[in-house]
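Okay, structure first, notes after.
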2 protein chains.
Amino acid sequence: MTVQGDRRKFRREGADQRKEALVRATLGLIAEEGVRGATVRAIAERAEVTQGLIRHYFSTKEDLVLAAYTQHMDALTEQTFAKAEGATPRARLAALVVASVTPPVADAASVALWAGFLTQVRQDARMQEVHARSYHGFRDRLEALIAEVLAQDGRAADSRDCRPLAIACNAVIDGLWLEGGALADAFEEGELAAIAVQSVGAILGMNLTGTEAQE
Amino acid sequence: MTVQGDRRKFRREGADQRKEALVRATLGLIAEEGVRGATVRAIAERAEVTQGLIRHYFSTKEDLVLAAYTQHMDALTEQTFAKAEGATPRARLAALVVASVTPPVADAASVALWAGFLTQVRQDARMQEVHARSYHGFRDRLEALIAEVLAQDGRAADSRDCRPLAIACNAVIDGLWLEGGALADAFEEGELAAIAVQSVGAILGMNLTGTEAQE
DNA sequence: AGGTTAATTATGCAAGCGTATAATTACGCG
DNA sequence: CGCGTAATTATACGCTTGCATAATTAACCT
């Protein structure tokens, strides 16, 4: 006869759903409150479970953070390339560039998230691995797209030539992404997108402006 | 008759020196261990004082962090522009660009420091102010230099034209700075510098390569 | 149905955190 | 030289943190 009706009701859920909910809660908290605010208790509360459950799915908080980081970076890359559509390589590149510096890819939360993780990247080897993989994953795809664009123009698309171009284009994109996210109200609507397209075009030695919508 | 010889010996120092020592300790710790590692106790230990003293000079830890952030950002800008020397505007710009993506301005510690602070920038209005002031401070000086370079070439140096160019150049610089610091071993020695000079030149529509040393 | 078990909650603990306050001591000044 | 005081140390408090462990319960299986 256990009359303890004040115990919290709950529903059992699959491991994947729970893990994802916990990851989502973690990301939301880090974005809004910073890593400092993403405590085990706060994460549990936001995911509408009790803190003990976290330990049931992630043997340590580090593991949870690693999972969250991985998902965030993958989502960021995927979100960006998903918008890189168009009839010609040039149009796809322009669309990619615009998407990179426009919400939801470029916004305060994304940047805050990324910065919040960077600290742990330096200290955790697994985080470092994810970081490197994510960076190269994005840049390699960018490099491939640049090669296509150059080929279309009949220019040499040797990897020796493309690599520095990809690094440079990636840097402009990252820089603008960063500044747009960290200092949004310093720029006008669409200003960053225009600058991004213009700059990437200049680096590649071609005019990219106006190619997003047409062609 | 107070026989308590185990009390720590100390030397009195001026407020400025102590404050600076505390700031330096804070920066070192955040760079090495992350914000999490920069506890009041750890800072005090590194500065070779006891934790109580921190409260004597900074009424709250937030104040200390703000002071540290201010100093770091100012030092970064100053360090960079200090190397922007040369006979012609073009040479000065090239030197500035190279300095921006080369140690000690661009290294893991600087980037880690910057990222570590970003979290607090979003939450503290005073930090935000320093952030904005620092960003614009750098960019405005960059814009002025770009205007000089364009004028030398006999091109229009209107602020309406220069602003987007400055934003773009600043973005490449920031992007490369970031990637060089966060992923140093992904690039070869001097690779980032070469790419930076090349890209800024492309954005400005001129050849900047090889202008650092000569002219 | 009813027993089994894994999912979930509840509770507790030791360590570390920032901050407050009282006790000491180095050092300048008359 | 000794006195005053500001600089510094010492100690403690309340809170939060990540983690561990025991108690409970929802849902599946036969």
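Order of the sequence lines fixes the chain letters, A, B, ..., with proteins taken first and strands second; residue numbering starts at 1 for each chain. These numbers come from the heavy atoms of this one structure, side chains and all, not from hydrogens, waters or symmetry mates. Given the structure is predicted, the values throughout are model-derived calculations rather than measurements.
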Between the base of C:dT8 and the side chain of A:Arg12, is there any donor-acceptor pair under 3.5 Å?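 In this structure, the two groups form no donor-acceptor pair.
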
Using a heavy-atom cut-off of 4.0 Å across all strands, would you classify B:Val40 as base, sugar-phosphate, or nothing?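 Answer is base: heavy atoms of B:Val40 come under 4.0 Å of a base.
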
Rounded to whole angstrom units, what separation is found between the [atom1] atom of [X] and the [atom2] atom of [N]?
X: B:Leu29; N: C:dG18; atom1: CG; atom2: C1'; value: 16 Å
X: B:Asp16; N: D:dA7; atom1: CG; atom2: C1'; value: 15 Å
X: A:Arg36; N: C:dC17; atom1: CZ; atom2: C1'; value: 8 Å
X: A:Arg8; N: C:dT11; atom1: CZ; atom2: P; value: 13 Å
X: B:Lys9; N: C:dT24; atom1: NZ; atom2: C1'; value: 10 Å
X: B:Leu22; N: D:dT9; atom1: CG; atom2: P; value: 10 Å
X: B:Lys19; N: D:dT8; atom1: NZ; atom2: P; value: 12 Å
X: A:Phe10; N: D:dA26; atom1: CZ; atom2: P; value: 5 Å

Return the CG to CE distance between A:Leu76 and A:Met73, rounded to the nearest 0.5 Å.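 The distance works out to 6.0 Å.
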
Do the side chains of [X] and [Y] get close enough for a salt bridge, i.e. N-O under 4.0 angstrom?
X: A:Arg141; Y: A:Glu148; answer: no
X: B:Glu191; Y: A:Arg163; answer: yes
X: A:Glu45; Y: A:Arg41; answer: no

Taking all non-hydrogen atoms of both residues, which atom of [X] and which atom of [Y] are closest, and how far apart?
X: B:Gln120; Y: B:Met127; answer: CB-CE, 3.7 Å
X: B:Glu13; Y: B:Tyr57; answer: O-OH, 3.9 Å
X: A:Thr119; Y: B:Val35; answer: CG2-N, 4.5 Å
X: A:Ile54; Y: A:Ile43; answer: CD1-CG2, 3.9 Å
X: A:Phe81; Y: A:Leu142; answer: CZ-N, 3.8 Å

Can you pull every protein N or O that's under 3.5 Å from an N or O on nucleotides 28-30 of chain D?
none

Kindly state which residues belonging to residues 46-64 of chain A come within less than 4.0 angstrom of DNA chain D, counting heavy atoms of the residue only, listed by number.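 Correct list: A:Gln51, A:Arg55, A:Thr60, A:Lys61.
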
Applying side-chain contact (heavy atoms from CB on, under 4.5 Å), run through B:Glu32 and B:Arg46 and close with a yes or a no. CA-CA 12 Å; B:Glu32 290 169 22; B:Arg46 182 177 277 227; 2.8 Å; yes

Test your reading of the model: is there a side-chain donor-acceptor pair from A:Trp177 to the backbone of A:Val105, 3.5 Å cut-off?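 Yes; judged by distance alone, with no hydrogens or angles, the pair exists.
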
Which atoms of nucleotides 13-16 of chain D (N or O only) lie under 3.5 Å from a protein N or O atom, and what are those distances?
none

Go through B:Tyr69 and B:Val121 one step at a time and tell me if the side-chain contact (heavy atoms from CB on, under 4.5 Å) criterion holds. CA-CA 10 Å; B:Tyr69 181 54; B:Val121 166; 3.7 Å; yes

Does B:Arg7 place a side-chain N or O at less than 4.0 Å from the phosphate oxygens OP1/OP2 of D:dT9?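 No, no such contact exists.
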
Taking OP1 and OP2 of D:dT8, is either one under 4.0 Å from a side-chain nitrogen or oxygen of B:Arg18?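 It does, given that an N or O in the side chain of B:Arg18 lies less than 4.0 Å from OP1 or OP2 of D:dT8.
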
